[in-house]
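What follows is a short report on a single structure.
The chains referred to below are lettered A, B, ... by the order of the sequence lines, with proteins before strands, and numbering in each begins at 1.
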Amino acid sequence: QQQVKQSPQSLIVQKGGISIINCAYENTAFDYFPWYQQFPGKGPALLIAIRPDVSEKKEGRFTISFNKSAKQFSLHIMDSQPGDSATYFCAAQEGGSGSARQLTFGSGTQLTVLP
Amino acid sequence: EAGVTQFPSHSVIEKGQTVTLRCDPISGHDNLYWYRRVMGKEIKFLLHFVKESKQDESGMPNNRFLAERTGGTYSTLKVQPAELEDSGVYFCASTQNLEDTIYFGEGSWLTVV
């Protein structure tokens with residue numbers, strides 16, 4: 001059973017548009033929600049992350065919106081650029097002492113930004 | 001500073017053969033993880049080392065997979081014998097402390113034919 005569900009699987013956006021990727025989770029023990037960006041042939045790289053004590057975090061053109069009651073979080077990319085074309089993964093980490101803090105990933109979204 | 005490095009970057013082997021993947025974490029990172037992504041699905045956790053000790057290997061799929069981290073530096077992941085469903089990309093990641101950012105390597109792409 002997939003613990004973090006991500007949608008859409010693929011997304012095509014025009015340059016300058018807004019890209020929105022959504023994730024939902026079930027495990028209420030998750031206490032850290034990062035987004036990773038992966039370019040072809042590279043490993044996932046941390047893009048932005050949020051903890052559940054805030055509802056939104058913004059870094060440049062990238063914003064995470066977090067809804068704790070709905071157990072959902074989303075990534076918004078404003079003014080999307082062709083260089084943003086990549087695969088985006090949402091993830092979640094479980095807290096608590098003794099936890100290995102391993103990441104549980106969503107299935108990924110292939111974003112294509114058209115010039 | 002060098003990032004997480006993995007070797008080989010690509011490997012094609014026949015079913016039944018053995019493959020050993022190597023990961024060199026960022027220097028000083030005690031925590032080392034192995035993940036894999038198969039068939040375009042989600043990236044899944046395999047196991048976690050703290051120095052040379054296996055802290056959590058709950059994600060290892062079966063006993064055909066063996067991970068080691070001798071001396072607490074680099075790690076190896078051996079698949080023996082390889083099966084078709086083992087094809088995918090194997091990522092290694094490391095972090096100094098559990099609260100810090102986890103850094104991923106570029107992955108080892110394994111194709112079993």
Problem - Same cluster (ILVMFWY, side-chain, under 4.5 Å), Phe65(B) and Phe49(B) - result: yes
Handout entry: chain B contact via Gln9(A) - side chain, backbone, both or neither, heavy atoms under 4.5 Å
Key = neither
Exercise for the section: Give a yes or no on this: more than 12 heavy atoms of other residues, nucleotides or ligands lie within 6.0 Å of atom NZ of Lys54(B). Expected result: yes
Exercise for the section: Rounded to the nearest 0.5 Å, what's the gap from NZ on Lys5(A) to CD on Glu42(B)? Could you check? Expected result: 11.0 Å
Practice task
Could you tell me whether the side chain of Lys42(A) reaches within less than 4.5 Å of the side chain of Glu106(B), counting heavy atoms only?
Solution key: yes
Fill in the blank from the handout: Value for OG (Ser107(A)) from CZ (Arg37(B)), rounded to nearest 0.5 Å, stands at 7.5 Å
Problem - Aromatic ring proximity Phe45(B)/Phe105(A), centre distance under 6.0 Å - result: no
Problem - Linked, directly or transitively: Tyr74(B) and Leu32(B) (ILVMFWY side chains, under 4.5 Å) - result: no
Handout entry: Side-chain (Tyr35(B)) to main-chain (Leu103(A)) donor-acceptor, under 3.5 angstrom
Key = yes
Practice task
Would you mind checking which part of Tyr32(A) comes under 4.5 Å of any heavy atom in chain B, side chain (CB onward), backbone (N, CA, C, O), both or neither?
Solution key: neither
Handout entry: Beyond-backbone contact of Trp34(B) with Gln102(A), side-chain heavy atoms, under 4.5 angstrom
Key = no
Practice task
May I ask whether Tyr33(B) and Leu77(B) are part of the same hydrophobic cluster, defined by side-chain heavy atoms of I, L, V, M, F, W, Y residues being less than 4.5 angstrom apart, directly or through others?
Solution key: no
Practice task
Answer yes or no: does atom OH of Tyr103(B) have more than 12 heavy-atom neighbours from other residues, nucleotides or ligands under 6.0 Å?
Solution key: no
Handout entry: Which portion of Ile102(B) sits near chain A, non-hydrogen atoms under 4.5 angstrom
Key = both
Problem - Linked, directly or transitively: Val113(A) and Ile21(A) (ILVMFWY side chains, under 4.5 Å) - result: yes
Problem - Cluster check Val54(A), Leu47(A): I/L/V/M/F/W/Y, side chain < 4.5 angstrom - result: yes
Completion exercise
d(Ile43(B) CD1, Thr87(A) OG1) to nearest 0.5 Å is 9.0 Å
Problem - Nearest non-hydrogen partners of Pro44(A) and Phe91(B), listed with the distance - result: CD-CE2, 3.7 Å
